[in-house]
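Everything below concerns the one structure shown next.
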Amino acid sequence: MTTERTAAVPSLPLTLTARLLPVAVLAIAGWAMSTSGDPGSAGAQAAKPPGPRPETAARRYAEPPDACAALASPVVKALVPGAAPAGKKLDTTDPTRRAGCSWHALDGYDYRWLDVIFETLDEPAAVRSYTGKKKPTPAPSLGDEASVGTDLTQDDGQGTRESVVVVRKANALITITYNGSDFASREAPSEKTIREGALKAAREAVLSLADAES
């Protein structure tokens, strides 16, 4: 992946290679967490409140939708210029519980990366143990509960801005990761651009859950 980007822009300094690796690591961090074990692991169990399971624990969504079909082509084109609308399906150990798709492209010197990840759990309460990342703030009118966090990083003088949106709707968890860099100016896109882009993708992903209802 790095080889293709470097070849596409041969005048870029070697810092491009150094920048793309942490970007990729950040973008797949949530996916690694969700595929590393069952949501009922010791960490998740410890975060559950005591007492009987609530009636709302019923699995409204039995399986995740097709993540690569969650976003309409115009949305992908707007958020990740130059990326193939079909995206790249992310591997998972349990496709009946988890599904993910990734889009990334270097359009001139402007780089964007977008991940959409769905996970269906046994009960809504377990979802809350996954929120609270990336210094989040509430994202109202999105699912049953949602948060969004935006971070700016500097690596060897290259700025990258990333937003992560976590949405819970019933027993479904959606994680959106959206980030970008401008390798010409070495600046990151504006906070508004990345934050609103992530929220736009999240709204589209929530709508696609209709295909996964039990």
Side-chain angles (χ1 to χ4, degrees), residues 1-9 12 16-17 19-35 64-92 95 98-119 133-134 139 142-143 146 148-153 158-167 172-184 188-209 211-212:
M1 177 177 67
T2 303
T3 303
E4 293 177 357
R5 295 187 192 120
T6 305
V9 190
L12 288 178
L16 171 60
T17 301
R19 178 59 248 159
L20 291 182
L21 180 57
V23 167
V25 171
L26 284 170
I28 64 172
W31 184 250
M33 174 184 67
S34 66
T35 56
D66 181 354
C68 288
L71 306 184
S73 294
V75 175
V76 174
K77 183 178 180 180
L79 297 181
V80 192
K88 177 178 175 55
K89 184 177 180 180
L90 298 177
D91 292 332
T92 172
R98 306 174 185 93
C101 194
S102 180
W103 297 263
H104 53 87
L106 186 63
D107 184 29
Y109 290 92
D110 201 19
Y111 179 76
R112 292 290 187 276
W113 181 298
L114 174 64
D115 277 358
V116 176
I117 296 171
F118 293 90
E119 186 169 3
K133 307 297 182 183
K134 297 287 183 182
L142 191 56
V148 54
T150 304
D151 287 344
L152 174 65
T153 60
Q158 173 63 61
T160 297
R161 199 179 304 272
E162 176 176 277
S163 278
V164 175
V165 180
V166 179
V167 183
L173 177 70
I174 304 171
T175 304
I176 305 292
T177 303
Y178 183 51
N179 59 49
S181 301
D182 186 334
F183 293 116
S190 70
E191 181 173 354
K192 180 179 179 181
T193 295
I194 296 300
R195 180 186 175 93
E196 292 189 356
L199 289 170
K200 181 178 181 65
R203 287 189 289 268
E204 288 276 321
V206 169
L207 291 176
S208 73
L209 277 175
D211 296 333

Check whether S181 reaches the backbone of G159 with its side chain - one donor and one acceptor, N or O, closer than 3.5 Å. yes
Check V80 against A105 and note the closest heavy-atom contact, atom names and distance. CG1-N, 3.8 Å
Side chains of P85 and K77 in contact at under 4.5 Å (non-hydrogen atoms): no
Atom OG1 of T177 and atom CD of E162: how far apart are they, to the nearest 0.5 Å? 5.5 Å
Aromatic rings F183 and Y111: how do their planes relate, parallel, tilted or perpendicular, breaks at 30° and 60°? tilted
Listing request: all side chain to side chain donor-acceptor pair (under 3.5 Å) pairs with a residue in residues 190-203, at least two apart in sequence or in separate chains. S190-T193
Rounded to the nearest 0.5 Å, what's the gap from SG on C68 to CG on L90? Could you check? 7.0 Å
Is the shortest side-chain heavy-atom distance between I174 and L209 below 4.5 Å? yes
Smallest heavy-atom separation, F118 atom then P64 atom, equals CB-CB, 3.7 Å
What are the two closest non-hydrogen atoms of I194 and S163, and how far apart are they? CG2-N, 3.5 Å
Do Y178 and L199 have side chains that approach each other closer than 4.5 Å (heavy atoms only, starting at C-beta)? no
Of the options V166, V164, L114, L71, which is the one that meets I176 in a side chain to side chain contact (heavy atoms under 4.5 Å, CB included)? L114
Can you tell if the side chain of I117 reaches within under 4.5 Å of the side chain of R98, non-hydrogen atoms only? no
For W103 against A84, the heavy-atom pair lying closest together: CD1-O, 3.2 Å
If you measure from CG on D182 to CG on D107, what distance do you get to the nearest 0.5 Å? 10.5 Å
Of all heavy-atom pairs linking A205 and S208, the shortest is O-OG, 2.6 Å
What closest approach, in Å, do V167 and G143 show between heavy atoms, and which atom pair accounts for it? CG1-CA, 4.0 Å
Using the test salt bridge (charged side-chain N to carboxylate O under 4.0 Å, His left out), find all partners of D66 that sit at least two apart in sequence or belong to another chain. none
Supply the atom-to-atom distance R112 CZ to N179 CG, rounded to the nearest 0.5 angstrom. 9.0 Å
